[in-house]
Amino acid sequence: METILKIAHVQKYYGNKTNLTKALDDISFAVDKGEFVAIMGASGSGKTTLLNVISTIDRVTSGHIQIGHQEITTLKGARLNQFRREKLGFIFQDFNLLDTLTAYENIALALQIQGMKARVIDAKIQQMASQLDITEVLNKYPYEMSGGQKQRVASARALITQPELVLADEPTGALDSRSSKYLLECFQHLNKQLQATILMVTHDAFSASYASRVLFIKDGKLFNELRRGEMSRKTFFNQIIDVVSLLGGDANDLI
Amino acid sequence: MTLFKLSLKNMHQSLKDYAIYFFTLILGVAIFYIFNAMDSQTIMIEATSSKREMIELTVQVMSVLSVFVSFVLGFLIIYASQFLIKRRKKEFAIYMLLGMSKAKISRVLLLETLSIGLVSLIAGLGIGVVLSQGMSVVVASLFEVPMTGFRFVFSLSATLKTFTYFSIMYILVMIFNTITVNRCRLIELLQARSKSEPLKLKNPWLCILVFGVACILLAQAYHQVAYEPLAGFIVQDIFRLMAQGGIATFLVFWSLSGLILRAGMHLKGFYYHHLNSFILREIDAKINTMVFSMTIICLMLFMTVTVLASCLSLKDATTKELATYFPVDAQLSSDQPVARMLEDASFDLNQFSSYMSTTTYYGDHLQRRDLLGSYASEAYRQYTFVGLDYSVQIISVSDYNALSAYFHHEPIQLADHEYAISCNYETMVHFYNIALSRGNQLTIGKTSLVPAYTTCLDSFIHPSPQTINEGLLIVPDHCVAELNVMDYMLTANYQANTDSQREAIDQQLNTLAHDLKDQQIYLFVDSKIETYASSIGLGTMLTFIGIYLGIVFLISSAAILALKQLSDCSDNKQRYVILRKIGTDEKWISRAILKQTAIIFGFPLLIAMIHSYFGIRFILRLFAYNGQIGLSSSIYMTALFLIMIYGGYFVITYLSSRMILKEDR
């Protein structure tokens, strides 16, 4: 299996000498192509910081991050932007759709900023839309859509550029349970059909149970790792719950 | 924390929003002072009494205009401050949640307005005093008078006036602010977060229909002001056309705001290219929410360009057309033969390098209505000031031809039973041409005359800085025997090489005319040099009016646009955050901001330019300057003002927008 993401001894410190916070404390792991990985941890565990340094929004204090074969900790300026729009896809908790554009135009924008020609855009969008079941809402504006539809449009925008790695930050955080379930099933489907590599940050065990592997983070360190293998989702879910209670997280926070 | 400290902190916080407002206030104060301090600036100027009078008149006109200007500025300041206050609703909500009473919040705002007002007044007056020192140089050079030397001048009266006018404006702002705060409900304040309004695309067919209607309205108005005869034009017509133009402008903005996006969306290759879809949507949303203010801004720009360009070109025209319409040094007229009168008064006729004596006549019953014939009543209906019962000035064809040599006209041939009309006043030319083409017959004594030409001769026999020959009848020589003498004229060129020599001869003639007046003999002296001097005075006054009004209108419209654009930027910051998150290049984002700002500033300017083209034509026609007048230099001047003020606001807006939308890290 080809390794898409390789994280080696990454550290991220905030603050100064007298008051130092180790948000990430020597974390190392790797994600293979076609994997669907969930990262779990309580608030303040460092999972968002981890996502931020992978997504190049934030810089590491030390250590290396490789995406594809590109070392990203040294990228700067325009090359960084180029890398971000060509190699990465983002899905955010609050969707981050442009409210002035229709769903179609929002998805198209991701291709436009790559400099893609208008005539190839349409076919790609139609195909992606049918995969995510958003063909009917393509001509609607975000305010006319439900939360689940918005998140699927945002997912289409993230995936249409065929990024090497899709980074999802609490994608179900703003959704009701039905929409969450449907979205996660879509993720699973895309992961299998398109061989999309997905890295999802969540504090929700239910969401994590759709992944093929779950990493647990506590106090900036890798705490545990679970692989689903041939398990049913339900069994996997129970295993995750066990680890979470070990982590000492608040049970209310999880279900 | 005391209230004062709080309000100071607030201002510092919203400095980005307030910068444009503050800048505008200072500019307004400075301009107001400069134009009101003009009279005190003129003390260092050495001017002849006639020019001094012109300067004083200009100063008076400026002070009358200042009242109008203060209304415009007052409106702008109140509009801008209200705009900024409404954007701070959240801040007020927090104060109210913390238990601050509305009265206290009002007091904070009062202190704010007071300090902004004081600082802007002091800064504006300071800038105004410095800049107005240059004003005397400008006045001197425009009136073409020498300066006696430089002195630093501070006008107390202008300072007090500026202070009073702006204080009133600031008090009004305070009143409006208090009203706004008192009207606030806490729940509304907290929900005041800008919700993006549902974007409803307008029905394209309706847009096309409305756009068509607007075009027809505009075309009709354009045609009427620029091509149709000005005959029958009354003040009400101007108001009607202004209203028509205003409504049409509104409709243009309304319909185009819907159509531009539609058209863009149809051009898929264009729409889905780079950030185009985003930019178009942004622009569309902006124009859609400000159709009304765009209209006002466009009309103000139109006024600016028209007033500036036509005032400047009228000044140009008054001086340039002199060469064409005043090609001789002087024309003297009297009820007695002039040459003999001069000789009797022992004036040396050798001082003229050449001269020509001619006579004009009038007929006992020959009135303008006779020249118009069957068209007279129709002409009166169209143009009440046609003056049907005016006596007609008549000249014999040989005298006319003799004068032609002086005025560079083509000599003409008339048969014994033919007549011709010379006229260069556009409205009357139109009427006479109709009468002439109808073959209107005239009777002088026992002779019947028919037109030799079907149109008027574009000529004149009295030099004047404008084309105001309202109609001169040219008849065969044998006819004048039966007519009464109207004027004896002497048209002359001086035996002189320099203007000062010419002035000396003018002086002699004027003294002579003055002496003769005591003997009840009237001699009128029309000299090129004197006409030139008064033309300059008029032209300069127009220049000042144009610049004063132009600057104020420009500031107002640009400030409104800038405020709107900047507040949009802070409201829509999130959109740019999203663009960055999905990996858009910084370069593209800058370009997107530039394009939006350029279109928001450029769109009303473009429409205003089209309006102005016809507006300027209209004004020039109204002032009877037809033909080719050199618009070019005044266009350059107008463009310079536009670029400096409107362009300045544009650049500041663009840079501040970028600053607001910059990534916070």
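Chain letters run A, B, ... following the sequence lines, proteins first and then strands; every chain starts at 1. For clarity, every value in this text was computed on a predicted model and none was experimentally measured.
- With 3.5 Å as the limit, one finds a donor-acceptor pair spanning the side chains of B/Asn288 and B/Ser257.
- Only the backbone of B/His273 has a heavy atom closer than 4.5 Å to any heavy atom of chain A.
- With a 4.5 angstrom heavy-atom cutoff, A/Phe92 touches chain B only via side-chain atoms.
- If you measure heavy-atom distances from A/Tyr104 to chain B, the contacts under 4.5 Å come from the side chain alone.
- Between the side chains of B/Arg658 and B/Tyr654, a donor-acceptor pair is found at a separation under 3.5 Å.
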Test ring pair (Phe, Tyr, Trp, His ring centres under 6.0 Å) applied to A/Phe36 and A/Tyr210, step by step: CA-CA 8 Å; A/Phe36 181 2; A/Tyr210 281 84; 8.0 Å; no

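- Between A/Lys33 and A/Glu164 there is no salt bridge, since no side-chain nitrogen of the basic residue lies less than 4.0 Å from a carboxylate oxygen of the acidic one.
- At a 4.5 Å heavy-atom cutoff, the contact between A/Leu97 and chain B is made by backbone atoms alone.
- Only the side chain of B/Leu579 comes within less than 4.5 Å of a heavy atom of chain A; its backbone N, CA, C and O stay farther away.
- Heavy-atom contacts from other residues, nucleotides or ligands closer than 6.0 Å to CZ of B/Phe292 number 12 or fewer.
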